[in-house]
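Predicted model, so just to flag it, every value in this text is computed and none were measured. For this chain, numbers begin at 1 and follow the sequence in order. When reading the values below, keep in mind they use all heavy atoms of this one structure, side chains included, and skip hydrogens, waters and symmetry mates.
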Amino acid sequence: MAKNSFLLHFLLFFVLILSLFYGILSQYELEELTWLDDKDDEISMFHSQHSSMRKCDFTSGKWVFDQSYPLYDSSCPYLSTAVTCTKNGRPDSDYEKWRWKPHGCEIPRFNALEFLGRMRKKRIMLVGDSIMRNQWESLVCLIQSVIPMARKTVTYVGPTMAFHAMDFETTIEFCWAPFLVELKKGPENKRILHLDMIEENAKYWRGADVLVFDSAHWWTHSDKYSSWDLIMEGNSFYRNMNPMVAYEKGLMTWAKWVDLNLDPRKTRVFFRSMSPRHNRENGWKCFNQREPLEFFSHPHVPEPLLVLKEVLRRMSFPVSFQDITTMTALRRDGHPSVYSKFVSQTGKQHLGDYKSDCSHWCLPGVPDTWNEMLNVMLY
């Protein structure tokens, strides 16, 4: 009898322990599921944010002053002397602190490690003129500070230069091709622009995972500073051709190459619109400008932009169009002006003796915003 009573009490005790254990276990599982749900919410918010960003109109917005900028400084070792305006003696630095705020959304602040993580084992190539070189230097400076000195390098091949982030197996390259199509020397050292030839440039673009193109400025140089002596199409030479007609023909050659040679499942292609110049008044329109314009009373759409949009519309390859023209046109304060080379204290007394560059951009500066936009478009 006593033995049976002991067994009964033992069984009751055992059931009690099991019920407590499963109660605790159930509570633990509940907390675990709650944590997972929280993470799912974060992931959903992350994807939702970038999904909404893709729908955002980046072209409509305003420049807002932000003391937390710039994202790097002019000591970045990959900057050309011509764009290190602060080092060259420019007395103000507010041009580094303006951030573009689209209406209805926020462009996320550039995160170098996050960008490199997504671009691991990828080739990113920026192709175009010296303004694209400007953007390449910006992108390299945005990421280089998180990479140890011994784990980064720059190499040069033909018209290309490549920044290597070794631990990520990522390269960020620039390819000099201001027309995209070929400019060659002919008889009597004449510069011949071949509207239907591109392979000498395009051979460097093959194998890239991301391609970002621009081409506009060299097509619009005035007669005095024309970038070519003759234009050739097929077997025909032209001394005079409407620059916008030539531009369209050159872009169509590029478009056909992309359509025939690239696979959208393997390569992302972007075309960045033209960077506006403020070269009126012999290049002094941007001199001594200290802040952005707020708006345009009479917005102007450059003709090359209209030509470009029409060519992109006719392509079969899904090229992403990055329109930076209007937002950048507000930034006449962002050019080097006379500070594209070092200006001493004595020189500052005679600034009229210097040339004023109102085409390129001081760095840190406006091209950093282009790259923050590009970063979002790459999702």
Side-chain angles (χ1 to χ4, degrees), residues 51 53-59 119 122-129 131-132 135-136 139 159-160 173-183 193-220 231-234 241-276 301-328 370-371 373-379:
S51 177
M53 289 300 297
R54 283 195 291 269
K55 298 175 184 176
C56 182
D57 179 8
F58 292 128
T59 65
M119 296 295 111
K122 294 188 184 299
R123 283 182 64 205
I124 305 163
M125 178 175 278
L126 283 63
V127 182
D129 55 23
I131 309 296
M132 189 59 92
Q135 185 175 352
W136 176 82
L139 184 55
T160 73
E173 305 175 42
F174 167 69
C175 180
W176 171 257
F179 294 106
L180 303 182
V181 294
E182 297 173 23
L183 181 68
L193 181 60
H194 295 263
L195 297 180
D196 52 3
M197 296 176 64
I198 199 169
E199 188 56 38
E200 279 301 306
N201 294 329
K203 66 184 180 184
Y204 295 101
W205 312 339
R206 296 179 186 275
D209 299 285
V210 177
L211 284 164
V212 185
F213 293 95
D214 95 313
S215 183
H217 283 290
W218 281 52
W219 297 91
T220 60
I231 288 177
M232 188 172 184
E233 187 179 23
M241 181 183 286
N242 182 308
M244 288 301 96
V245 172
Y247 182 50
E248 182 177 15
K249 289 177 179 287
L251 282 181
M252 284 303 300
T253 298
W254 166 83
K256 289 175 184 175
W257 185 89
V258 170
D259 281 341
L260 291 173
N261 291 276
L262 298 182
D263 183 347
R265 293 168 299 182
K266 298 178 180 179
T267 306
R268 298 282 303 278
V269 178
F270 299 83
F271 206 113
R272 198 208 69 219
S273 68
M274 70 182 297
S275 166
V301 179
E303 191 175 358
L305 187 56
L306 299 175
V307 172
L308 170 61
K309 284 183 174 181
E310 179 58 24
V311 170
L312 295 180
R313 188 187 66 80
R314 299 203 298 261
M315 293 179 67
S316 60
F317 192 99
V319 176
S320 298
F321 176 55
Q322 185 184 10
D323 188 354
I324 56 90
T325 302
T326 301
M327 59 175 284
T328 306
W370 304 347
N371 284 322
M373 289 173 60
L374 178 64
N375 181 40
V376 173
M377 295 176 74
L378 278 166
Y379 277 96

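Here Y247 contributes atom OH and E303 contributes atom CD; the two are 10.5 Å apart, rounded to the nearest 0.5 Å. In this structure, the separation between CD on Q322 and CE on M377 is 5.5 Å, given to the nearest 0.5 Å. One distance of note links NZ of K256 with CG of N261; it measures 13.0 Å at 0.5 Å rounding. Atom CZ of residue R268 and atom CG of residue L262 lie 13.0 Å apart, to the nearest 0.5 angstrom. Taken to the nearest 0.5 Å, the CG atom of L308 stands 5.0 Å off from the CZ atom of F271.
Taking both residues in full, the closest heavy atoms of M125 and W205 are given as SD-CD1, 3.7 Å, listed atom of the first, atom of the second, then distance. Nearest heavy atom pair, residue M232 against residue D196, reads O-OD1, 4.2 Å. The two residues Y204 and C175 make their nearest non-hydrogen contact at CB-SG, 4.2 Å. For the residue pair G207 and R123, the shortest heavy atom distance occurs at C-NH1, 3.3 Å. K122 and D209 make their closest contact through CA-OD2, 3.2 Å (heavy atoms, listed as atom of the first residue, atom of the second, distance). When all heavy atoms of S275 and I324 are compared, the pair lying nearest together is CA-CD1, 3.9 Å.
W370 has its ring centre no less than 6.0 Å from the ring centre of F270.
The side-chain heavy atoms of I231 and K249, taken from C-beta on, include no pair separated by under 4.5 Å. Residues E310 and L251 fail the side-chain proximity criterion, which asks for heavy atoms closer than 4.5 Å. Within the 4.5 Å cutoff, the side chain of L305 has heavy atoms near those of the F321 side chain. Considering only heavy atoms from C-beta on, D323 stays 4.5 Å or farther from F58 through its side chain. Between Q135 and L374 the shortest side-chain heavy-atom distance falls below 4.5 Å. Contact of the V127 side chain with the W254 side chain is not registered, since no non-hydrogen atoms from C-beta on lie closer than 4.5 Å.
Residues passing the side-chain contact (heavy atoms from CB on, under 4.5 Å) test with P178, sequence neighbours excluded: D129, W176, W218. For F174, there are no ring pair (Phe, Tyr, Trp, His ring centres under 6.0 Å) partners two or more places apart in sequence or in a different chain. Not counting sequence neighbours, the partners of W219 by the side chain to side chain donor-acceptor pair (under 3.5 Å) test are S215. Legend: residues meeting side-chain contact (heavy atoms from CB on, under 4.5 Å) with S316, ordered by chain and number and at least two apart, are D259. With sequence neighbours left out, the salt bridge (Lys or Arg N to Asp or Glu O under 4.0 Å) criterion links R265 to D263. For M197, the side-chain contact (heavy atoms from CB on, under 4.5 Å) partners are E182, K184, H194, not counting sequence neighbours.
T326 and T59 form no side-chain donor-acceptor contact under 3.5 Å, judged by distance and modelled atom types alone.
Under the 3.5 Å distance criterion, the side-chain polar atoms of N201 are matched with a main-chain donor or acceptor of L180. Using modelled atom types, one side-chain atom of S273 and one backbone atom of T325 make a donor-acceptor pair closer than 3.5 Å. Not a single donor-acceptor pair under 3.5 Å links the side chain of R272 to the backbone N or O of L126. Panel note: side chain T267, backbone A208; a donor-acceptor pair is recorded below 3.5 Å. A donor-acceptor distance shorter than 3.5 angstrom exists from the side chain of T253 to the backbone of L195, with no hydrogens or angles considered.
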